[in-house]
Chemist: 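Mind having a look at this structure? Questions to follow.
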4 protein chains.
Amino acid sequence: MENNTDKKSRILQAAGQVFAQNGFSQSTIAMIAKNAGVADGTIYLYFKNKEELLTRFFENKMRLIFDRFLETVSGANSAEEKLRNLIRTHFVEFQKDKDMAVLYQVETHSNVRLAEDQIREMSKMYMDLISLIVEQGQEQGLIRKDLYLSLVKRMIIGSLDEVINTWIHSEGKYDLVSMADPLVDLILNGIGNHLRSDA
Amino acid sequence: MENNTDKKSRILQAAGQVFAQNGFSQSTIAMIAKNAGVADGTIYLYFKNKEELLTRFFENKMRLIFDRFLETVSGANSAEEKLRNLIRTHFVEFQKDKDMAVLYQVETHSNVRLAEDQIREMSKMYMDLISLIVEQGQEQGLIRKDLYLSLVKRMIIGSLDEVINTWIHSEGKYDLVSMADPLVDLILNGIGNHLRSDA
Amino acid sequence: MENNTDKKSRILQAAGQVFAQNGFSQSTIAMIAKNAGVADGTIYLYFKNKEELLTRFFENKMRLIFDRFLETVSGANSAEEKLRNLIRTHFVEFQKDKDMAVLYQVETHSNVRLAEDQIREMSKMYMDLISLIVEQGQEQGLIRKDLYLSLVKRMIIGSLDEVINTWIHSEGKYDLVSMADPLVDLILNGIGNHLRSDA
Amino acid sequence: MENNTDKKSRILQAAGQVFAQNGFSQSTIAMIAKNAGVADGTIYLYFKNKEELLTRFFENKMRLIFDRFLETVSGANSAEEKLRNLIRTHFVEFQKDKDMAVLYQVETHSNVRLAEDQIREMSKMYMDLISLIVEQGQEQGLIRKDLYLSLVKRMIIGSLDEVINTWIHSEGKYDLVSMADPLVDLILNGIGNHLRSDA
DNA sequence: GATGAATGAGAATTCATTCAT
DNA sequence: AATGAATGAATTCTCATTCAT
């Protein structure tokens with residue numbers, strides 16, 4: 001027995017899949033309907049139009065994922081542990097839902113901003129989270145004080161992004177989560193050899 | 001008096017502009033033709049189809065830009081200087097040609113890989129360049145040896161990417177090139193406070 | 001407690017209203033259902049399809065209204081009084097049920113004859129009624145004998161029609177019934193100045 | 001050899017025909033295109049959308065026809081002759097272009113006012129023309145002074161309308177123009193027997 | 001009987017591509 | 001070579017009608 005919530009989320013899931021595979025513009029309502037096992041018209045019982053499919057898809061996912069982020073961060077004490085937890089959870093969640101990962105990567109870079117509001121909001125919250133962690137780390141003496149905070153955020157987010165992107169294009173053949181610790185190390189210590197003066 | 005090369009490149013430039021502004025799918029041949037000051041049909045005398053416009057646009061740009069990258073890197077001795085030059089030149093070139101910057105950002109993340117080959121090739125060469133620099137740096141003792149090289153590349157490229165992306169979305173209101181040195185510093189030293197044990 | 005006749009006529013009334021407001025093509029079953037307070041599917045328990053809603057609506061109304069016409073005409077002696085009563089009653093009834101008035105005006109002129117039979121039958125009976133009155137008037141010496149009867153009917157009906165039409169488009173802001181006597185005067189006497197030879 | 005004006009007006013003519021036969025809503029672009037001997041898309045090279053086809057159709061016709069009306073009226077001296085000429089020309093023109101006649105009849109009564117502006121303007125001018133004639137007739141002593149002018153206009157227009165309407169529904173089997181003189185007689189003299197007091 | 005979710009045929013409109021001039 | 005009018009396939013969305021509950 002299927003209720004409407006089931007059908008609505010089945011359509012949403014199908015849309016996510018189709019969008020992730022073909023891009024928003026190249027995806028047709030017919031594809032999504034077929035994928036969801038419903039008639040074309042049925043989609044319009046649940047969603048105003050094609051764009052709303054994308055919007056709602058994100059709205060759904062983002063809320064859930066962001067809650068996980070907050071949770072994992074608040075479950076740590078030191079700034080370093082917080083950063084480590086955030087990045088690890090990020091990878092965990094994105095690995096768990098590849099369609100969403102793909103769409104997020106595409107949409108945040110697309111110049112046709114369809115799910116703009118959802119993305120922007122999510123992005124803002126994520127940035128704020130990183131700010132908090134970095135600032136706490138500075139107070140705790142774990143993180144340098146001579147940093148251009150806004151650049152730091154871009155560096156962290158860009159690195160995450162690219163690691164995920166590469167994983168996506170590798171067709172998810174390896175474990176994304178295992179990248180978390182090495183990445184945190186790179187972010188904290190950079191690539192420079194800080195021991196060279198001792199040698 | 002205009003020759004065919006002029007017209008071809010005028011069309012290409014127009015295509016780049018239109019694609020950058022509207023995205024590939026939302027751009028029409030009519031828009032591009034108008035922008036280039038030619039008739040719709042004329043475009044098909046020089047290019048097989050809409051997709052080829054994108055492909056050739058990149059081919060053109062990438063070749064030129066990559067030559068600059070090689071040049072700027074070879075004009076430096078230490079690995080650090082090479083990295084610094086590469087990143088600075090990257091920002092200089094992308095700032096100089098915003099249409100190309102936008103398209104590159106979008107296309108490298110799009111799941112509809114239209115200019116795939118061009119992008120992939122460019123990406124590969126860029127990666128190799130970074131590899132060379134890092135490896136040289138390791139030999140010179142400037143860069144840590146305990147690095148997961150492929151992750152380092154992603155971190156560097158991702159950071160660059162995101163810095164450019166943010167600049168693009170700010171409508172180019174500030175100077176992108178001034179981000180180069182602070183970014184190199186972050187990449188080399190990370191955000192961690194390495195002096196804390198001395199304190 | 002409601003019986004089926006109630007529900008059927010409630011649907012019919014709702015249909016009339018919706019059709020009158022939006023036109024037949026622009027009206028949807030969903031609108032009518034909502035207006036009638038029933039489910040979309042319920043309508044199909046009582047009516048074969050959308051078209052039948054229009055057909056039955058007229059059938060209903062026309063029968064009732066035509067009875068009034070006959071009644072008011074038979075309650076008069078002279079042809080003039082009969083004509084006056086007919087026109088006055090016509091205006092009274094149409095003013096009383098504006099939805100019906102609107103639909104009747106639209107449908108009699110539409111080239112998509114949906115309620116064709118009902119309209120035609122009604123129209124025929126109305127014409128016959130006028131014929132009777134005119135012929136009686138001729139016998140009584142009240143009405144000219146040198147008339148092209150079929151044209152007279154069109155003149156009378158057309159005038160009525162246009163007066164009603166204007167009233168409808170004025171959003172019913174004035175009293176339609178007050179137009180009856182002046183109109184009868186015009187029909188009987190025309191606009192010509194018949195006293196001019198006497199002057 | 002065909003130029004664009006030809007094609008545009010061929011489409012317009014086809015649209016008029018199709019609309020007249022099926023009504024605006026029931027007519028499809030495909031029908032019109034087929035009727036005009038062009039591809040569906042071609043229509044959109046000349047017209048913004050389906051509605052504009054109707055609008056332009058009227059705009060075209062109305063202008064031409066109204067000029068004839070003015071001409072024929074100004075070519076007469078007495079109010080009676082003016083009225084006679086107007087009505088005769090009206091019938092002549094509508095008989096000449098039945099598609100237009102049908103559409104005009106339908107549109108002026110439809111509650112979905114698509115060609116609203118054209119119709120309204122035309123209607124207004126027509127009304128004004130009648131007003132002028134009647135007022136002149138009153139000055140000349142040919143027309144009664146005790147008239148409700150606005151009702152007179154409705155009577156005249158309604159009569160014309162209905163005569164045309166009947167002719168249309170008879171499939172144009174008889175000569176519409178021959179109705180002009182008898183109708184003018186009715187309008188001027190009414191149906192009443194003004195000699196009865198003498199008898 | 002009543003419901004309203006589901007269907008899918010059908011319609012308007014867009015636009016890459018072609019081709020006669 | 002260049003043009004731009006013409007094409008028609010493809011797409012989104014609507015809505016009358018059906019049917020399982």
Side-chain angles (χ1 to χ4, degrees), chain A residues 1-4 7-8 11 25-34 36-53, chain B residues 2-4 7-8 11 24-34 36-53, chain C residues 2-4 7-8 11 24-34 36-53, chain D residues 1-4 7-8 11 25-34 36-53:
Chain A
M1 198 95 52
E2 182 189 62
N3 62 28
N4 290 343
K7 183 158 293 181
K8 186 166 184 176
I11 291 171
S25 287
Q26 272 64 38
S27 301
T28 69
I29 292 292
M31 286 178 194
I32 296 168
K34 197 171 175 185
V38 299
D40 294 18
T42 304
I43 291 180
Y44 291 89
L45 295 178
Y46 297 95
F47 303 94
K48 194 159 55 68
N49 54 27
K50 191 176 150 186
E51 188 177 333
E52 213 200 9
L53 282 169
Chain B
E2 179 188 61
N3 63 26
N4 290 344
K7 185 163 291 186
K8 188 166 182 174
I11 292 171
F24 181 80
S25 285
Q26 274 62 41
S27 301
T28 69
I29 292 292
M31 286 178 196
I32 295 168
K34 195 173 175 186
V38 299
D40 294 17
T42 304
I43 290 180
Y44 288 86
L45 295 176
Y46 297 94
F47 303 94
K48 191 158 59 68
N49 55 27
K50 190 176 153 185
E51 187 179 333
E52 214 201 6
L53 282 169
Chain C
E2 181 188 62
N3 63 28
N4 289 343
K7 185 164 289 187
K8 187 166 183 175
I11 292 172
F24 181 80
S25 286
Q26 274 62 42
S27 300
T28 70
I29 293 290
M31 286 178 196
I32 296 168
K34 194 173 178 188
V38 300
D40 295 17
T42 305
I43 290 179
Y44 289 87
L45 295 176
Y46 297 94
F47 303 93
K48 191 159 58 69
N49 54 28
K50 189 175 153 186
E51 186 177 334
E52 214 201 6
L53 282 169
Chain D
M1 197 97 51
E2 181 188 60
N3 62 28
N4 290 344
K7 184 159 291 184
K8 185 165 184 175
I11 291 171
S25 288
Q26 273 63 39
S27 300
T28 69
I29 292 292
M31 285 179 196
I32 296 168
K34 197 172 176 186
V38 299
D40 294 18
T42 304
I43 291 179
Y44 290 90
L45 295 178
Y46 298 94
F47 303 94
K48 192 159 58 64
N49 54 28
K50 190 176 150 186
E51 188 177 334
E52 213 201 8
L53 282 169

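All chains are named by letter (A, B, ...) in the order of the sequence lines, taking the proteins before the strands, and each is independently numbered beginning at 1.
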Chemist: What is the distance, rounded to the nearest whole Å, between atom CG of D:L53 and atom P of E:dA11?
Modeler: 16 Å
Chemist: Name all stems that contain residues of DNA chain E, defined as runs of 3 or more consecutive Watson-Crick or G-U wobble pairs, both distances under 3.5 Å.
Modeler: E:2-21 with F:2-21
Chemist: Any chance you could list the contact pattern along nucleotides 12-19 of chain F? Use B for base contacts, S for sugar-phosphate-only contacts and - for none, protein heavy atoms under 4.0 Å, 5' to 3'.
Modeler: SBBSSBB-
Chemist: Can you measure D:I43 atom CD1 to E:dA12 atom P for me and round it to whole angstrom units?
Modeler: 9 Å
Chemist: Please name the pair of heavy atoms, one in A:K50 and one in A:S27, separated by the smallest distance, quoted to 0.1 Å.
Modeler: NZ-O, 2.8 Å
Chemist: Do D:I11 and D:K8 come close enough that some side-chain heavy atom pair is under 4.5 Å?
Modeler: no
Chemist: OP1 or OP2 of E:dA2 sitting under 4.0 Å from any side-chain N/O of C:Y46?
Modeler: yes
Chemist: Starting from the 5' end of DNA chain F, give me the residue, D:V38 or B:V38, whose nearest nucleotide shows up first.
Modeler: B:V38
Chemist: So, for D:Q26 and D:M31, which heavy atoms are closest and what is the spacing to 0.1 Å?
Modeler: O-CE, 3.4 Å
Chemist: Provide, to the nearest angstrom, the distance between the CD1 atom belonging to C:I32 and the C1' atom belonging to E:dG4.
Modeler: 16 Å
Chemist: Determine the contact category for B:F47: base if any of its heavy atoms lies under 4.0 Å from a base atom, sugar-phosphate if only primed atoms, P, OP1 or OP2 are that close, otherwise nothing.
Modeler: nothing
Chemist: Mind checking side-chain hydrogen bond (donor to acceptor under 3.5 Å, both in side chains) for C:Y44 and listing every partner two or more places apart, or none if nothing turns up?
Modeler: none
Chemist: Decide yes or no on side-chain contact (heavy atoms from CB on, under 4.5 Å) for D:N49 and D:E52, but give the supporting numbers first.
Modeler: CA-CA 5 Å; D:N49 54 28; D:E52 213 201 8; 3.7 Å; yes
Chemist: Would you mind reading off the distance between B:K34 atom NZ and F:dG4 atom C1', rounded to a whole angstrom?
Modeler: 14 Å
Chemist: With a cut-off of less than 4.0 Å, is there a side-chain N or O of D:K7 near OP1 or OP2 of F:dA6?
Modeler: yes
Chemist: Tell me, please, which residues at least two apart from B:T42 pass side-chain contact (heavy atoms from CB on, under 4.5 Å).
Modeler: B:K7, B:V38, B:A39, B:L45, B:Y46
Chemist: For D:I29 and D:D40, which heavy atoms make the closest approach, and how far apart are they?
Modeler: CG2-O, 4.2 Å
Chemist: Tell me, please, which residues at least two apart from D:E51 pass side-chain hydrogen bond (donor to acceptor under 3.5 Å, both in side chains).
Modeler: none
